[in-house]
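A short worksheet on the structure shown next.
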Amino acid sequence: MGFYQCPLLKQATRKQKDLARIMFVLVPPQRIWPIALTVNKEIAIPLSNSGGKAANLTKQNNKSSLHRQSSNHRFFLFPLHSSLSLVSLSTGKSCDYSGGVGEMSNFNSPIRLSSSVVRHLKQYRVRRMGSNPLLPHSRSFTTTEGHRPIIVHKRSLDILHDPWFNKGTSFSFTERDRLDLRGLLPPNVMSTEQQIERFMVDLKRLEHQARDGPSDPNALAKWRILNRLHDRNETMYYKVLIANIEEYAPIVYTPTVGLVCQNYSGLFRRPRGMYFSAEDRGEMMSMVYNWPADQFLMLVFLSSLHFTWPYDVRHQQVDMIVVTDGSRILGLGDLGVQGIGIAIGKLDLYVAAAGINPQRVLPVMIDVGTNNEKLLKDPLYLGLERHRLDGDEYLAVVDEFMEAVFSRWPNVIVQFEDFQSKWAFKLLQRYRSTYRMFNDDVQGTAGVAIAGLLGAVRAQGRPMIDFPKQKIVVAGAGSAGIGVLNAARKTMARMLGNNEDAFQSAGRQFWVVDAKGLITEEREDIDPDARPFARKVKEIHRQGLREGASLVEVVKQVKPDVLLGLSAVGGLFSKEVLEALRGSTSTRPAIFAMSNPTTNAECTPEEAFSIVGDNIVFASGSPFKDVDLGNGTIGHCNQGNNMYLFPGIGLGTLLSGSRVVSDGMLQAASECLAAYMSDEDVLKGIIYPSISSIRDITKEVAAAVIKEAIEEDLAEGYREMDARELQKLSQEEIKEYVQNNMWSPEYPTLVYRDE
C-alpha cells in the first residue's frame, strides 16, 4: 500500500496497516512547529508518541518517502484514511501527498473525531500534564473559537474583496507578501483600534450625507453605513457592533430593521442568505448544496512540553438558521420577500451577543408569495409576484425546506421568525419534537415577558413565588400574546404544584382582550389557541363584564396588577385606559407595552408615568429613553427585548447538543434573566439589565439552558465535550465552557494554498 518505511509500523495492527497511510510530524525540542492538515475521512487514534530520530517528508516521482536524519527529535505517528496536505504557516508553501494508493476523492466530505480519538488525546494530555509540575492540574476547556490560522485559496484583490477575510489596512507586511497584497494597500499598517476610530469618525460625519433626503431618517442612514462595512469587512463590522451594542442594536434590529424591511427591495445591494420559493418545490434538497461547500482546517500544535489538538474548524458548517416567510414582520404585516431583513438582523445579534461564528449562520427566506397588494404592484419588488400559498400547499413547501436543511446540516438549529399567527403555532407543534427548532415570537417573547413579570413582582417588594396571585390583563391574542399566556400559566402552575388544579387556578388570573373585545366562552369561532383563556360567562357577569367588553371596561372592573400589551396597535393604551389603571389594587402596577417597532408600542413611557403615576413599572419592546419625573427622580423605561433570551437559548442548545428545545430549557432561560438583576435595582423599577451587558447575560442564560438540558437528560454534548463530560461540570465550569466557545471578532492569520 505504499507505506512509509519505519520501525514504528511494527506497533500497528494488521487492520491499521490495511487502512492507514502514515504521516510523521517531527518536533524539535523546546520549539513549537504548527502545521495544517486537510483530510476527508475520520482520523484514527495515534499509534505511538515515542521519541525517535527525525524524519523529513519529501516528494519524489509522485511518491512520498522518508529520509532519516541524525538529530534526536520527538515525533508522533498518525494513521489517516486519506491523502494529506501539509502547509507551513511560516512560509505558506504546501506539499500534497497521498501515500500512493490511487486517485483520491475531493475534500468536501464531513470530518468528525471519533470518541476514541478524543479519549486518547485527553489521556495523553493528562499524562503529560501530570509529569510536568509547571503545568496546571485544573480542568481545561479547549475553545473551539480560538484564534487559529486559516488556510485560504485566494490572494491579491480577491482577498480584499472577500468580507470574511479582508482586514483592510490591518494586514501585516508578512501577510501582504504572502498574499500578494504589497502595493495594493497604503503602507501604514493600522491596529484594529485605529480602524475603529477611523470608522466612527467617518460614521458621525457621513450620517447626514448618507440620507436619501428628508424622508430618510437618521437611523436608516446609520444602517446603510454599517451595512457597507458589513459588505467589505465582517470582522470589523462585528467588532464595531459588539463595542457599541447599546447604540447599534436598535439599528441592526428593532426598530430600524422594520424600516429596512419595508424598503428592502430598494436597499438590496448584495445577496445574504438563501431564498427558497414556491417555484423551487422538488429542488430544495439539491438547492441547499448551493450554499458554499464545507471546508475543513485542522491545526496541530506540538512541542516537547505539551500536546494541543484544536478540533476541526468548519468554515461553512451551519450552526444557526433564522427563517421567515415574511408574513408578519414585527407589527408591519405582510412584507413578502423583503422580510429577510429580520432574519439578517437576528443573526447579527446571534453573532454579537452569543458569539456564534458569523461563517456558520444562515438567514433564510421562504417566499410563498405575498398578499400585500402594494408590493405586488411595485415594479421593484424582488419576490414572487403572486398571492400566498395556503393550506397543504404551504405546508409542503415548509416541510421540504426543513427536510433539506436538516439533511445537509443535521445539527443545525432553526429559529422561526415572524410567521403569521395562523401558522406560527402549527409549525411549532409540527416540528419541535423532531427537529432542533424554536419560534422566537411564541417562545422567545414569552420568555422575556415572563422574566419581566417576575421582575415586576420583585419590584413590589414581594417574592417571585407570589406571581400566581397577579391579576393580568392581556391586550392581543396573536402568536406572541398566546405564547406569553401559555408560558405565564405554566410558570404559575409550576409554582402552585404543577397539577391539573394548579393549571385551572392559574388560568383564572388572565383576562384576554383582542380586536373584538374580551374573549369569553360565548365567543363564536374562537381561535383554538385562545380557547383555554376564554373567561366563563357566569364569572364575568359577577365582575360586571360581558363578551366583547372593551379594554377600558376590563381594566376598570378587574383592577389588574399588570397591563400587558402584545397587540401591535400603536396607542392602544389610551388616556382612558391608563386612567382606569390608576384604580389598580397593586401597590405598584406594571405596564408592558411590548409591541414592535416603536410606532406600534401601546403607549409611551411619558404617557404611562404622567397619567398613572410615578410609582409604576414600565417596560416596552422597543427602546425608549428614561423619563425625568422631576426632583431628581427617574422613571425607568425597561426594554423587554427578545435579544435578552434568544441568543442564549440558541447558544445553550448548540453547546448542550440537545436534539430539542424543551419547555424546561426555555423556563430556565426566563428564570435566569429574571434573577439577573439585583434587589436594589429591581426596587428602583429596573427589571431588565442594560443591553451593554448582553454578552455576559447571554453567557448566563446559555449556561442555565445547558444545565437544564443535562438535568432533563437531553444533553448529547458538542464536539470534544461529550454528554458524560458535560455532566461532570460544575455551574462555574459550564459558564467557562460557554465563554470558551463564544466567537470574538479578531483577525486570524491567513495562509495561502492552491486549491
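- A cation-pi arrangement is not found for Arg176 relative to Phe171, the charged atom failing to lie both closer than 6.0 Å to the ring centre and inside a 45° cone about the ring normal.
- The number of heavy atoms from other shown groups lying within 6.0 Å of NZ (Lys707) does not exceed 12.
- In this model, no donor atom of one side chain and acceptor atom of the other lie less than 3.5 Å apart for Ser622 and Ser620.
- A cation-pi arrangement is absent between Lys222 and Tyr248 under the rule of less than 6.0 angstrom and at most 45 degrees off the ring axis.
- For the pair Pro745/Thr235, a side-chain contact is recorded, criterion being any heavy-atom separation below 4.5 Å from C-beta on.
- Between Lys167 and Ile159, the closest side-chain pair of non-hydrogen atoms is not below 4.5 Å.
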| task | Apply side chain to side chain contact (heavy atoms under 4.5 Å, CB included) to the pair Glu746 and Lys239, showing each step before the final yes or no. | result | CA-CA 8 Å; Glu746 301 294 340; Lys239 206 167 187 67; 3.1 Å; yes
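- No hydrogens or angles considered: a donor-acceptor pair under 3.5 Å links the side chains of Ser277 and Asp280.
- Two residues are said to be in side-chain contact when any heavy atoms from C-beta on lie closer than 4.5 Å; Lys735 and Gln731 meet this criterion.
- Contact annotation: the side chain of Ile649 approaches that of Leu666 to within less than 4.5 Å [non-hydrogen atoms, C-beta and beyond].
- Val257 is not listed as a side-chain neighbour of Trp223, based on a closest heavy-atom distance of 4.5 Å or more.
- One N or O on the side chain of His153 and one on the backbone of Arg753 form a donor-acceptor pair closer than 3.5 Å.
- No donor-acceptor pair closer than 3.5 Å links the side chain of Asp626 to the backbone N or O of His636.
- By the 6.0 Å contact criterion, CD on Gln194 is enclosed, its count of non-hydrogen atoms from other residues, nucleotides or ligands being greater than 12.
- Judged purely by atom type and a 3.5 angstrom limit, Tyr381 uses its side chain to pair as donor or acceptor with the backbone of Val337.
- Ring geometry, Tyr238 versus His230: the interplanar angle exceeds 60°, so the pair is classed perpendicular (tilted spans 30 to 60°).
- Using a 4.5 Å cut-off on side-chain heavy atoms (C-beta onward), Leu673 and Pro689 make contact.
- Asn642 and Pro647 make their closest contact through O-CD, 4.2 Å (heavy atoms, listed as atom of the first residue, atom of the second, distance).
- With respect to the salt-bridge test (charged N to carboxylate O, under 4.0 angstrom), the residues Asp231 and Arg228 do not qualify.
- Contact record, Tyr289 with Ser407: OH-O, 4.4 Å, taken as the closest heavy-atom pair.
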| field | Test log, rule side-chain hydrogen bond (donor to acceptor under 3.5 Å, both in side chains), inputs Asn227 and Tyr237 | value | CA-CA 8 Å; Asn227 194 56; Tyr237 171 76; over 6 Å; no
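- The nearest pair of heavy atoms linking Tyr737 to Leu655 is OH-O, 2.8 Å.
- The backbone N or O of Pro250 sits less than 3.5 Å from a side-chain atom of Thr256, completing a donor-acceptor pair.
- Salt bridge annotation for Arg436-Asp319: absent, with no cationic side-chain nitrogen under 4.0 angstrom from a carboxylate oxygen.
- At least one side-chain heavy atom of Met721 sits under 4.5 Å from a side-chain heavy atom of Leu729.
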| task | In sequence, state the C-alpha distance, the side-chain angles, and the governing distance for Ser156 and Asp158, and then conclude on side-chain hydrogen bond (donor to acceptor under 3.5 Å, both in side chains). | result | CA-CA 5 Å; Ser156 189; Asp158 290 337; over 6 Å; no
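- If you look at Phe416 and Phe438, their ring centroids are not closer than 6.0 Å.
- To the nearest 0.5 angstrom, Trp291 atom CH2 is 7.5 Å from Trp409 atom CH2.
- For the pair Arg695 (side chain) and Ile697 (backbone), a donor-acceptor distance under 3.5 Å is absent.
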| field | Verdict with reasoning, Arg178 to Arg155, per side chain to side chain contact (heavy atoms under 4.5 Å, CB included) | value | CA-CA 8 Å; Arg178 190 161 62 237; Arg155 290 183 292 189; over 6 Å; no
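- Of all non-hydrogen atoms in Glu417 and Thr324, the two that sit nearest each other are O-OG1, 2.8 Å.
- Of all heavy-atom pairs spanning Pro623 and Gln639, the tightest one is CD-NE2, 3.4 Å.
- Side-chain contact annotation: Ser692 with Ser690, donor-acceptor N/O pair under 3.5 Å present.
- Of the residues Ile329, Thr254, Leu332, the one that meets the side-chain contact (heavy atoms from CB on, under 4.5 Å) test with Asn596 is Thr254.
- Going from atom CD1 of Ile344 over to atom CZ of Arg272 covers 6.5 Å, rounded to the nearest 0.5 Å.
- Residues Tyr688 and Asn638 approach most closely at N-OD1, 3.4 Å, considering heavy atoms.
- Using a distance-only test at 3.5 Å, with no hydrogens or angles considered, no donor-acceptor pair links the side chain of Ser656 to the main chain of Ile706.
- Considering only heavy atoms from C-beta on, Arg719 stays 4.5 Å or farther from Asn741 through its side chain.
- Proximity of the aromatic rings of Tyr350 and Phe646 is defined here by a centroid distance below 6.0 angstrom, and this criterion is met.
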| request: Starting from the C-alpha separation in whole Å, work towards a yes-or-no answer on side chain to side chain contact (heavy atoms under 4.5 Å, CB included) for Gln195 and Thr192. | output: CA-CA 5 Å; Gln195 284 186 312; Thr192 53; 4.3 Å; yes
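- With Glu234 contributing its side chain and Pro163 its backbone, the two residues share no donor-acceptor pair below 3.5 Å.
- One finds the OG atom of Ser286 at 7.0 Å from the CG atom of Asn290 (value rounded to the nearest 0.5 Å).
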| field | Derivation and outcome, side chain to side chain contact (heavy atoms under 4.5 Å, CB included), residues Thr653 and Met665 | value | CA-CA 8 Å; Thr653 303; Met665 292 161 67; 3.6 Å; yes
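- In this structure, Gln443 contributes its side chain and Asn439 its backbone to a donor-acceptor pair below 3.5 Å.
- The only option from Val288, Ile321, Val318 that meets the side-chain contact (heavy atoms from CB on, under 4.5 Å) definition with Val364 turns out to be Ile321.
- To the nearest 0.5 angstrom, Phe173 atom CZ is 10.0 Å from Leu185 atom CG.
- A donor-acceptor pair is defined here as one N or O able to donate and one able to accept, closer than 3.5 Å; no such pair exists between the side chain of Asn244 and the backbone of Glu247.
- The CZ atom of Arg182 sits 12.5 Å away from atom CD of Glu175, with the distance rounded to the nearest 0.5 Å.
- Residue Leu380 holds its CG atom at 11.0 Å from CG of Asn263, rounded to the nearest 0.5 Å.
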